[in-house]
Amino acid sequence: LAPKDYRWHIYLGDALSQVPDRAGDARRAYEAALPLVRAELSVNPADGLNVVLLGRCLARTGEREKAWAEIRRGVGLAPGDENVLETAAAAAMLLGKRSEALAWLEQAVARGYGLVEIERDPDFAPLRGDPAFRALASFAPTATTTPPSKGEKK
């Protein structure tokens with residue numbers, strides 16, 4: 001429906017990467033996304049999320065050094081954006097950079113990124129037994145509570 005939208009190619013690659021015997025198709029989807037992400041970045045090279053997504057596609061296509069440089073650059077452009085941080089963490093996991101992934105996840109959660117999404121993301125499956133991963137809930141912002149109205153039990 002939107003062949004020029006890089007996001008759909010990335011989503012397709014993400015889905016195919018989870019299907020046995022479809023790694024080649026997943027790689028082709030990421031390769032199709034690369035020129036489209038680069039085109040977006042030619043318009044706005046300071047878009048942290050797009051830079052991190054470029055890094056993620058590069059990681060998925062085996063360009064590890066370029067991927068890591070782009071991922072770090074993207075986080076540097078938007079260090080307070082929870083979507084950038086979560087995407088960078090997922091890409092870091094692809095590159096085997098566990099400690100960086102956990103640090104970025106902690107920051108993303110502290111800024112409001114959903115724990116449920118992180119817990120269900122297959123890129124974070126290798127972290128699920130890690131005590132630091134299980135402790136992510138402690139980084140989530142606490143919900144503000146309103147005092148009970150008159151006559152209501154606490």
Side-chain angles (χ1 to χ4, degrees), residues 1-128 130 132-141 143:
L1 295 174
K4 300 287 184 193
D5 188 333
Y6 65 91
R7 292 172 294 191
W8 297 113
H9 293 280
I10 294 172
Y11 299 152
L12 177 60
D14 289 346
L16 290 169
S17 71
Q18 301 304 309
V19 179
D21 302 321
R22 299 296 299 270
D25 294 328
R27 182 183 177 105
R28 283 187 287 283
Y30 293 118
E31 288 170 346
L34 282 169
L36 301 173
V37 175
R38 287 181 173 125
E40 287 289 321
L41 287 170
S42 72
V43 175
N44 182 3
D47 185 319
L49 183 58
N50 282 339
V51 172
V52 170
L53 286 169
L54 172 63
R56 183 176 173 156
C57 289
L58 291 167
R60 290 280 194 183
T61 58
E63 297 187 59
R64 299 176 61 81
E65 288 181 31
K66 287 181 185 177
W68 188 234
E70 295 298 342
I71 294 161
R72 289 190 328 245
R73 185 169 77 90
V75 171
L77 288 168
D81 184 314
E82 67 271 13
N83 293 304
V84 169
L85 292 164
E86 186 278 339
T87 303
M93 286 301 297
L94 296 171
L95 298 172
K97 302 204 177 270
R98 190 180 184 104
S99 62
E100 292 89 343
L102 279 166
W104 285 332
L105 282 176
E106 289 172 6
Q107 292 174 43
V109 169
R111 287 169 174 74
Y113 198 89
L115 286 170
V116 172
E117 290 85 356
I118 291 169
E119 290 168 347
R120 291 183 179 165
D121 190 322
D123 288 330
F124 300 125
L127 294 176
R128 290 201 178 106
D130 190 308
F133 185 78
R134 291 193 307 257
L136 282 176
S138 66
F139 294 97

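- Residues Leu85 and Val75 meet the side-chain proximity criterion, which asks for heavy atoms closer than 4.5 Å.
- Of the possible donor and acceptor atoms, one in the side chain of Tyr30 sits under 3.5 Å from a partner among the backbone N and O of Asp14.
- The two residues Ala89 and Leu105 have their closest heavy-atom pair at CB-CG, 3.7 Å.
- Rounding to the nearest 0.5 Å gives a distance of 4.5 Å between CD1 of Ile10 and CG of Leu53.
- With Arg60 contributing its side chain and Arg27 its backbone, the two residues share no donor-acceptor pair below 3.5 Å.
- Annotation: the span from Lys97 atom NZ to Arg72 atom CZ amounts to 7.5 Å, rounded to 0.5 Å.
- In this structure, Tyr6 OH and Leu54 CG are separated by 10.5 Å, a value rounded to the nearest 0.5 Å.
- Distance NZ/Lys4 to NE2/His9: 8.0 Å, rounded to 0.5 Å.
- Panel note: side chain Arg111, backbone Gln107; a donor-acceptor pair is recorded below 3.5 Å.
- Taking 4.0 Å as the cut-off between side-chain N and carboxylate O, Glu70 and Lys66 do not count as a salt-bridged pair.
- Open room surrounds CD on Glu65; 12 or fewer heavy atoms of other groups in view lie less than 6.0 Å from it.
- Remark: the backbone N or O of Pro126 is paired with a side-chain donor or acceptor of Arg98 at under 3.5 angstrom.
- A 4.5 Å side-chain heavy-atom check between Asp130 and Leu102 finds at least one atom pair inside the cut-off.
- Heavy atoms only, all atoms of each residue included: Leu58 and Arg38 are closest at CD2-NH2, 3.7 Å.
- Crowding of Asn44 atom CG: a count of heavy atoms from other residues, nucleotides or ligands under 6.0 Å exceeding 12.
- Between Trp104 and the choices Ile71, Val52, Val109, the side-chain contact (heavy atoms from CB on, under 4.5 Å) rule is met once, by Ile71.
- Of all non-hydrogen atoms in Asp123 and Ala90, the two that sit nearest each other are OD2-CB, 3.8 Å.
- Atom CZ of Arg120 sits in a sparse spot, with 12 or fewer heavy atoms from other residues, nucleotides or ligands closer than 6.0 Å.
- For the residue pair Ile118 and Phe124, the shortest heavy atom distance occurs at O-CD1, 3.5 Å.
- Using a 4.5 Å cut-off on side-chain heavy atoms (C-beta onward), Asp47 and Glu40 make no contact.
- Across every non-hydrogen atom of Ala135 and Ser138, the tightest pair is O-OG, 2.6 Å.
- Asp121 CG to Thr87 OG1: the interatomic distance, rounded to the nearest 0.5 Å, is 9.0 Å.
- Of all heavy-atom pairs between Gln18 and Pro122, the closest is OE1-CB, 3.4 Å.
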